[in-house]
Amino acid sequence: MGVIYEPAGAAREYSALACNLYSGCRHGCLYCYAPSCLRMTPEAFWSGGQPRADIIRKLSAEAPSMSGCDRVLFCFTCDPYQPGDTTVTRDAMRICVDNGIPFQVLTKGGTRAARDIDIMQAGDAVFATTLIFDNDDLRRRWEPNAADCNDRASMICRAHRAGIPTWVSIEPVIDPDEALKVMRRLDAVVDEWRIGKLNHHPHAKTVDWFAFGQRVAEFLSNTDTPYMVKDALQPFIPKGFATRRHGEAMGAAG
């Protein structure tokens, strides 16, 4: 494969295929794993955000052979709606629509994505956001340049009203209380929850993951919303509790 690739490790839990459109990300999230994966300093990664060289030409060349493939996620090592010019994101989604490629976007860009609702409606698309805070002061501390909490919640609601399937990534959990507030707030407009812990960061040692796992199980037991508990969090979920509940809306490629 080329610019469309098969993710490995924890990323593959979210999508069998992915495409990264930009080099770096300007959101500046303190917990981001991408700089170390790409062997970049956080400062260099956060100052990036430019489209990858020839990304649209390369994607256009690959797309005809990918029709009907598993759903492609935009993006893992960058954000498709980070601050700046994201025309490339719209171009990439148009290529997917024109070639019958199912796709999903995962973003912290909030209503920056509203521009492309028409493209999502025209294709086999899913809209997803990472949202781990309800309190915007905490969000600013950890995700300084990402869209605010209300803006991301608003975009999930807009996608839901537009008939676009949605999921929310409750990962990485920084504050369990905040994570549960998000889930209670948006449960009616989310088609799937995907929940994971914080890894490879000193703050993870300050969280009682067994207590969080118990609270997550209690919440999920009282909703009909499909969900996925990621592998790293599963050891902290009460024994015997199902860590997956599949739903029709997301489809097999979701």
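As the structure is a computational prediction, the values presented were derived from the model and not from experiment. All values below were derived from every heavy atom in this structure, side-chain atoms included, with hydrogens, water molecules and symmetry-related copies excluded.
A donor-acceptor contact shorter than 3.5 Å links the side chain of S221 to the backbone of A217. No donor-acceptor distance shorter than 3.5 angstrom exists from the side chain of D79 to the backbone of C25, with no hydrogens or angles considered. Under a 3.5 Å cut-off, the side chain of T129 and the backbone N or O of L131 do not form any donor-acceptor pair. Judged purely by atom type and a 3.5 angstrom limit, R194 has no side-chain atom pairing as donor or acceptor with the backbone of Y227. For the pair D136 (side chain) and D148 (backbone), a donor-acceptor distance under 3.5 Å is absent. No donor-acceptor pair under 3.5 Å is formed between the side chain of R90 and the backbone N or O of I119.
At a cut-off of 3.5 Å, with distance as the only test, no side-chain donor of T111 or Y81 sits close to an acceptor on the other residue. When only modelled atom types and interatomic distance are considered, N99 and S67 share no side-chain donor-acceptor pair under 3.5 Å. A donor-acceptor pair shorter than 3.5 Å cannot be found between the side chains of D118 and Q121. Counted by atom type alone, Y5 and N20 present one or more donor-acceptor pairs between their side chains at under 3.5 Å.
Counting heavy atoms from C-beta on, the side chains of Q104 and Y14 never come closer than 4.5 Å. The side-chain heavy atoms of L17 and M66, taken from C-beta on, include a pair separated by under 4.5 Å. Contact of the C149 side chain with the D134 side chain is not registered, since no non-hydrogen atoms from C-beta on lie closer than 4.5 Å. Using a 4.5 Å cut-off on side-chain heavy atoms (C-beta onward), F74 and Y22 make no contact. Counting only heavy atoms from C-beta outward, the side chains of T166 and V189 never approach each other to under 4.5 Å. Side-chain contact between W167 and D191 is absent, with no heavy atoms from C-beta onward closer than 4.5 Å. For the pair F127 and H160, the minimum side-chain heavy-atom distance is 4.5 Å or more. Between M155 and T107, the closest side-chain pair of non-hydrogen atoms is not below 4.5 Å.
By the 30° and 60° cut-offs, the orientation of the rings of W209 relative to F236 is tilted. Ring-plane geometry between W142 and H201 is classed as tilted, the angle between the planes lying from 30 to 60 degrees on a 0 to 90 degree scale.
Shortest non-hydrogen contact noted between C78 and L21 is SG-N, 3.6 Å. The nearest pair of heavy atoms linking R71 to D124 is NH1-O, 2.9 Å. Between M93 and D116, the shortest heavy-atom contact is CE-CB, 3.3 Å. Between R115 and T86, the shortest heavy-atom contact is NH2-O, 3.0 Å. Across V216 and I195, no two heavy atoms sit closer than the pair CG1-CD1, 3.9 Å. When all heavy atoms of I164 and A125 are compared, the closest pair comes out as CG2-O, 3.8 Å.
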Might you work through the side-chain contact (heavy atoms from CB on, under 4.5 Å) test for M228 and L233, ending with a clear yes or no? CA-CA 10 Å; M228 176 182 72; L233 182 59; over 6 Å; no

Give the C-alpha distance, both sets of side-chain angles, the deciding distance and a yes or no for salt bridge (charged side-chain N to carboxylate O under 4.0 Å, His left out) between R141 and D137. CA-CA 6 Å; R141 188 185 310 168; D137 289 335; over 6 Å; no

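The CD1 atom of I237 lies 8.0 Å from the OG1 atom of T243; values are rounded to the nearest 0.5 Å. Rounding to the nearest 0.5 angstrom, the gap separating the CG atom in D85 from the CD atom in Q50 is 9.0 Å. D70 contributes atom CG, which lies 11.0 Å from atom CD1 of I4 (distance to the nearest 0.5 angstrom). The structure places SG of C96 at 11.5 Å from CE of M120, a figure rounded to the nearest 0.5 Å. Rounded to the nearest 0.5 angstrom, T223 OG1 and R245 CZ are separated by 6.5 Å. For the atom pair CD (E171) and OG1 (T130), the distance works out to 8.0 Å, reported to the nearest 0.5 Å.
Taking the side-chain hydrogen bond (donor to acceptor under 3.5 Å, both in side chains) definition, one finds that R52 meets it with nothing, sequence neighbours left out. Shown here are the salt bridge (charged side-chain N to carboxylate O under 4.0 Å, His left out) partners of K181, two or more places apart in sequence or in another chain: E178.
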